[in-house]
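Worksheet: one structure, shown below.
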Amino acid sequence: MVTAKVWVLKKHFEGFPKTSDFELKKIELPNLKDGELLLESVFLSVDPYMRPYSQRDMKEGDIMIGTQVARIVESNNPAFTVGAFVVAKSGWRTHFISDGKDLQLLPSSWPESLPKSLALGTVGMPGLTAYFGLLEVCKMKLGDTVLVNAAAGAVGSVVGQLAKIGGCKVVGCAGSDYKVAYLKKIGFDEAFNYKTVVSLDEALRKASPDGYDCFFDNVGGEFASIAINHMKKYGRIAVCGAISQYNDSVPQKGPYVQVPMIFKELRMEGFIVTRWNNRWEEGLKALLKWVVEGKVKCHEQVTEGFENMPMAFIGMLKGENLGKAIVKV
Ligand SMILES: NC(=O)C1=CN([C@@H]2O[C@H](COP(=O)(O)OP(=O)(O)OC[C@H]3O[C@@H](n4cnc5c(N)ncnc54)[C@H](OP(=O)(O)O)[C@@H]3O)[C@@H](O)[C@H]2O)C=CC1
Ligand SMILES: CCCCCCC/C=C/C=O
């Protein structure tokens, strides 16, 4: 008999999540039936979407949603070998049972030396968000100037590097000087700390006096309202995330987008990465190749210990992570 530890949403978040909103529980797992597997989580992901999705899709007492890289420890399913690693969507659990239907094996070309945790970041859902958001929503093309916020995070850092591979000028902003230095190190042409600039408007103008063709928006709110005025005519805005609004108890008020959208004839499109579920293999193959070739650099903020999951999640929402926020069990 295996005992799994799980993190439960004890109380719906009100404003910024608190550690007391979570509860650690133990669950006895039953014996495996035919066709089933027992898995242990090795790395778990903490992501911004957990904040709005918990509000929309979860009730108090549910196990927190999320993905992990897990190792197969027992298998009654001939399609899965003990010792293999998979990406699963089994929530915040140390151990779980699966019938294999929802599991994704890591690509067979995954090099032994490459951390498997990257399957939750650059070579996983966040990397794919950057890939499809830039190619399909921003319609990025050679010579474009691309703006991205939350640029030193899991999605943003890949957006900037893919835009450089695509022959664009890239401007990024992040919430600390350390993050800004990292952006310059990984090839951003311009980067600034949005928390310390005297004027966001001036910082955006200085970074690209001619404006922006593409804006990959991870943040929303005030930043997006100012950035929209810096778009070039016919610019494209990919509305990927709105992390500056996820913890609001009272919705923020405008300025509103209509006037700049009309006069600059902009295209602004929200998206969710799962729209391209049927092309994940293509995206993962491309991302893995760039990582292996050293064309896309990865950084992870690894928190040790399953018991620290709530802390890692809250820390990521506060901006404590450089690159992808990961928990190592
Ligand atoms: N549409 C889709 O399919 C997907 C959307 N997303 C969205 O992409 C965005 C980035 O996600 P991800 O890369 O995983 O997360 P990150 O790794 O970028 O971590 C979140 C970062 O957001 C920044 N941040 C937090 N609060 C604010 C704020 N009030 N204003 C500005 N920045 C803030 C912090 O960086 P800093 O120090 O720079 O402030 C923090 O490090 C999120 O909005 C997320 O919801 C993610 C995946 C899929
Ligand atoms: C494999 C899990 C897919 C999660 C999709 C997350 C979409 C994110 C939206 C905003 O953050």
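Read the numbers this way: they start at 1 and go in the same order the structure lists the ligands and their atoms. Along the sequence shown, residues carry numbers from 1. Because the structure is predicted, anything quoted here is derived from the model rather than measured. The analysis underlying the following values was restricted to heavy atoms, covering all of them including side chains, and did not include hydrogens, waters or symmetry mates.
- The parts of A174 lying near ligand 1 are both backbone and side chain, judged by heavy-atom distances below 4.0 Å.
- At a heavy-atom distance under 4.0 Å, no atom of T274 approaches ligand 1.
- G319 CA, 3.6 Å is the protein heavy atom nearest to atom 34 (C) of ligand 1.
- When hydrogens are left out, the protein atom nearest atom 13 (O) of ligand 1 is V155 N, 2.7 Å; that is the closest non-hydrogen contact.
- The nearest heavy-atom contact from the protein to atom 18 (O) of ligand 1 is G153 CA, 3.3 Å.
- The shortest distance between side-chain heavy atoms of L317 and F16 falls below 4.5 Å.
- Using a 4.5 Å cut-off on side-chain heavy atoms (C-beta onward), N77 and D99 make no contact.
- Relative to atom 24 (N) of ligand 1, the option among L322, T129, N321, I243 with the closest non-hydrogen atom is I243.
- Taking every heavy atom of A154 and a limit of under 4.0 angstrom, the matching atoms of ligand 1 come to 13 (O), 14 (O), 16 (P), 17 (O), 18 (O).
- Of the N or O atoms in N218, one or more lie within a sub-3.5 Å distance of an N or O in ligand 1.
- Here F22 and W92 bring their ring centres to under 6.0 angstrom of each other.
- Residue-level proximity to ligand 1 for K179 is carried by the side chain, the only part with a heavy atom below 4.0 angstrom.
- When only non-hydrogen protein atoms are considered, atom 11 (O) of ligand 1 lies nearest to P48 CG, 3.5 Å.
- With a 6.0 Å radius and a threshold of 12 heavy atoms from other residues, nucleotides or ligands, E222 has its CD atom at or below the threshold.
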Exercise for review: Give the C-alpha distance, both sets of side-chain angles, the deciding distance and a yes or no for side-chain contact (heavy atoms from CB on, under 4.5 Å) between V296 and I165.
Suggested key: CA-CA 9 Å; V296 170; I165 290 172; 3.8 Å; yes
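- Near K89, meaning under 4.0 Å from one of its heavy atoms, ligand 2 places the atoms 1 (C).
- For atom 7 (C) of ligand 2, the closest non-hydrogen atom of the protein is Y53 OH, 3.6 Å.
- Atom 10 (C) of ligand 2 has its closest protein heavy atom at Y49 CB, 3.7 Å.
- Nearest protein neighbour of atom 26 (N) of ligand 1, counting heavy atoms only, is L317 O, 3.6 Å.
- Numbered from 1 in the order shown, with element, the atoms of ligand 1 that lie under 4.0 Å from a heavy atom of M316 read 19 (O), 20 (C), 40 (C), 41 (O).
- The closest side-chain heavy-atom distance from W110 to L284 is not below 4.5 Å.
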Practice item. Would you check, one step at a time, whether the test side-chain contact (heavy atoms from CB on, under 4.5 Å) holds for V329 with E40? Key: CA-CA 9 Å; V329 178; E40 68 178 4; over 6 Å; no
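- There is no side-chain donor-acceptor pair under 3.5 Å between Q55 and Y246.
- Taking a cutoff of 4.0 Å between a charged side-chain nitrogen and a carboxylate oxygen, D189 and K164 qualify as a salt bridge.
- Checking only distances, Y49 never comes within under 3.5 Å of ligand 1, N or O to N or O.
- When C240, P52, G241 are checked for heavy-atom proximity to atom 5 (C) of ligand 1, C240 turns out nearest.
- One finds a salt bridge joining R279 and E136 here, because a Lys/Arg side-chain nitrogen approaches an Asp/Glu carboxylate oxygen to under 4.0 Å.
- At least one heavy atom of M125 sits closer than 4.0 Å to an atom of ligand 1.
- Atom NZ of K233 has more than 12 neighbouring heavy atoms from other residues, nucleotides or ligands inside a 6.0 Å radius.
- H230 and Y212 have perpendicular rings, their planes meeting at more than 60° on a 0 to 90° scale where under 30° would count as parallel.
- Residue contacts with ligand 1, taken as heavy atom pairs separated by less than 4.0 Å, involve V219 solely via side-chain atoms from C-beta onward.
- Geometric assessment of K5 against the ring of F306 yields a negative cation-pi assignment under the 6.0 Å and 45° thresholds.
- Look at Y194 and you'll find a heavy atom under 4.0 Å from some atom of ligand 1.
- Closest protein heavy atom to atom 45 (O) of ligand 1: Y246 OH, 2.6 Å.
- The minimum heavy-atom distance between K179 and A174, with the atom names listed, is CB-CB, 3.7 Å.
- Nearest non-hydrogen protein atom to atom 38 (O) of ligand 1 is G175 N, 2.9 Å.
- Taking every non-hydrogen atom of A242 and a distance limit under 4.0 Å, the qualifying atoms of ligand 1 come out as 43 (O).
- In the vicinity of V273, heavy-atom distances shorter than 4.0 Å reach the ligand 1 atoms 2 (C), 3 (O).
- The atoms of ligand 1 that sit less than 4.0 Å from any heavy atom of G323 are 17 (O).
- The distance from ligand 1 to the heavy atoms of S244 drops below 4.0 Å at these ligand atoms: 28 (C), 29 (N), 30 (N).
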Practice item. For the pair L106 and V87, evaluate side-chain contact (heavy atoms from CB on, under 4.5 Å) and give the outcome as yes or no after the intermediate values. Key: CA-CA 7 Å; L106 294 196; V87 177; 3.8 Å; yes
